[in-house]
Number of protein chains: 2
Amino acid sequence: MRLSTKGRYAVTAMMDLAIHDRKGPVTLADISNCQDISLSYLEQLFAKLRKNGLVKGVRGPGGGYRLAKPRSDISIAQIICAVDEKVDATMCSGEENCQKGERCLTHELWMGLSKRIYDFLDSISLEDFLSRPAIQEIIERQDGRRVPARSDGNTMAWADE
Amino acid sequence: MRLSTKGRYAVTAMMDLAIHDRKGPVTLADISNCQDISLSYLEQLFAKLRKNGLVKGVRGPGGGYRLAKPRSDISIAQIICAVDEKVDATMCSGEENCQKGERCLTHELWMGLSKRIYDFLDSISLEDFLSRPAIQEIIERQDGRRVPARSDGNTMAWADE
DNA sequence: CAGTAGCCGAGTAAATCAGTCAAGTATTAT
DNA sequence: ATAATACTTGACTGATTTACTCGGCTACTG
């Protein structure tokens with residue numbers, strides 16, 4: 001399992017989505033604004049998240065993305081694996097011929113290690129993180145930056161151009 | 001903290017070093033043979049490991065590398081951080097102005113997450129891994145591939161050229 | 001049917017990875 | 001001392017990944 005900034009972007013976006021999921025679909029444009037992630041990059045990430053059954057796309061006006069499962073059923077590990085697509089940690093891809101036909105030191109070492117990291121990340125759900133008080137504060141502050149309520153009639157999407 | 005193949009190479013090499021450290025300095029050429037890692041790449045990794053006080057270089061004939069500390073005092077986390085050099089997980093590098101002067105969601109999220117991963121990896125020492133039975137087997141098998149005992153008088157360094 | 005918003009693919013600059021090559025310098029055995 | 005050993009340093013490279021843009025398409029809603 002690889003742990004890179006790519007995974008962080010995905011987790012952050014999923015957090016944002018989880019926070020606002022109750023009020024209906026969330027647009028990528030909103031997430032892009034709030035979390036400062038490029039819209040097109042988000043599209044790529046969400047394409048993978050969708051293929052892995054973590055989110056559902058809702059098309060048309062008023063559409064956006066929704067979580068495909070309850071917050072508590074989505075772990076950090078699932079998100080990272082979805083965008084990294086290379087779950088495999090060993091270079092011998094599961095076979096044990098990595099070193100001249102035999103199992104290498106790395107095999108035992110990294111298999112065990114990455115399994116434990118995976119288990120750890122898999123034990124943390126979106127729900128777990130959202131319930132932390134420090135997170136709650138940030139959520140409230142960021143809400144100010146969000147596009148005003150949709151039913152308001154004026155989305156102001158064009159306003160700053 | 002980043003988790004990539006680079007870190008794995010470093011950990012594997014350190015494992016190999018830890019295994020044979022008792023018999024005196026270990027050459028990078030030996031590690032290169034046993035673990036199938038490019039010699040020049042090992043040189044780069046060990047330069048960083050040395051700067052971070054994890055290994056000591058011993059020059060001259062019969063030289064090589066030694067652990068700078070007891071096996072039990074070297075954690076997986078230390079090794080990975082040494083070669084990745086970017087311990088920092090947030091993009092705002094510890095400052096909290098990542099998002100237009102304020103703290104971003106990522107900040108809380110990833111700081112907590114990467115701290116827990118770090119703590120986890122930091123709780124595993126080289127000693128811990130070496131004591132595992134499955135590892136012991138591999139060590140014994142790999143020893144056959146090693147350059148014959150040094151005091152033998154015939155290093156055969158030129159033999160296969 | 002017009003507009004919103006997801007969907008898809010090609011393309012790209014920059015960074016990182018994994019490795020090579022070449023020229024050193026320090027140490028030790030003889 | 002001198003040669004051999006072995007670490008040290010730096011420049012350089014191809015491949016891959018990251019993060020991102022652009023352009024066009026499709027499905028859906030009001």
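Heavy-atom basis, side chains included; hydrogens, waters and symmetry copies ignored. In the text below, chain A, chain B and the rest are named by the order of the sequence lines, each starting its count at 1.
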A.B. asks: Using a 4.0 Å heavy-atom cut-off, does A:L28 contact any base of the nucleic acid, only the sugar-phosphate backbone, or nothing at all?
C.D. replies: sugar-phosphate
A.B. asks: Between A:R50 and C:dC8, is there a contact of a side-chain N or O with OP1 or OP2 at under 4.0 Å?
C.D. replies: yes
A.B. asks: Does A:K51 have any salt bridge (charged side-chain N to carboxylate O under 4.0 Å, His left out) partners at least two apart in sequence or in another chain, and if so, which?
C.D. replies: none
A.B. asks: Residues in side chain to side chain donor-acceptor pair (under 3.5 Å) with B:D122, at least two apart?
C.D. replies: B:S75
A.B. asks: Ignoring hydrogens and geometry, is there a side-chain-to-backbone donor-acceptor pair from B:E43 to B:L28 under 3.5 Å?
C.D. replies: no
A.B. asks: Drop me the distance from A:L126's CG to A:I79's CD1, to the nearest 0.5 angstrom.
C.D. replies: 4.5 Å
A.B. asks: Identify, between A:G57 and B:I37, the residue whose nearest nucleotide on DNA chain C lies closer to the 5' end.
C.D. replies: A:G57
A.B. asks: Expressed in angstrom and rounded to an integer, what is the separation of A:L45 atom CG from C:dC8 atom C1'?
C.D. replies: 15 Å
A.B. asks: In whole angstroms, how far is the P atom of C:dC17 from the CZ atom of B:R8?
C.D. replies: 13 Å
A.B. asks: Strictly below 4.0 Å: does B:Y9 bring a side-chain N or O up to OP1 or OP2 of C:dG19?
C.D. replies: yes
A.B. asks: Quick one: ring-ring contact (aromatic ring centres under 6.0 Å, His included) pairs with a partner in residues 48-72 of chain B, sequence neighbours left out?
C.D. replies: B:F46-B:Y65
A.B. asks: Please report, rounded to the nearest Å, how far the P atom of C:dC17 is from the NZ atom of B:K48.
C.D. replies: 8 Å
A.B. asks: Return a single string for nucleotides 22-30 of chain D, one symbol per nucleotide in 5' to 3' order, where B is base contact, S is sugar-phosphate-only contact and - is none, cutoff 4.0 angstrom on heavy atoms.
C.D. replies: B---BSBB-
A.B. asks: In whole angstroms, how far is the P atom of D:dT8 from the NZ atom of B:K51?
C.D. replies: 10 Å
A.B. asks: Using whole Å, report how far NZ of B:K6 lies from P of C:dA15.
C.D. replies: 15 Å
A.B. asks: Which residues pass the salt bridge (charged side-chain N to carboxylate O under 4.0 Å, His left out) test with A:R66, not counting sequence neighbours?
C.D. replies: A:D21
A.B. asks: Round to the nearest Å and state the distance from A:D30 atom CG to C:dA5 atom C1'.
C.D. replies: 12 Å
A.B. asks: Can you name the side chain to side chain donor-acceptor pair (under 3.5 Å) partners of A:S32, sequence neighbours left out?
C.D. replies: none
A.B. asks: Measure from CG on A:L49 to C1' on C:dC8 and round the result to the nearest Å.
C.D. replies: 16 Å
A.B. asks: Between A:Y41 (OH) and C:dG9 (P), how many Å, whole number?
C.D. replies: 18 Å
A.B. asks: D:dC7, OP1 or OP2 - any side-chain N/O from B:T27 closer than 4.0 Å?
C.D. replies: no
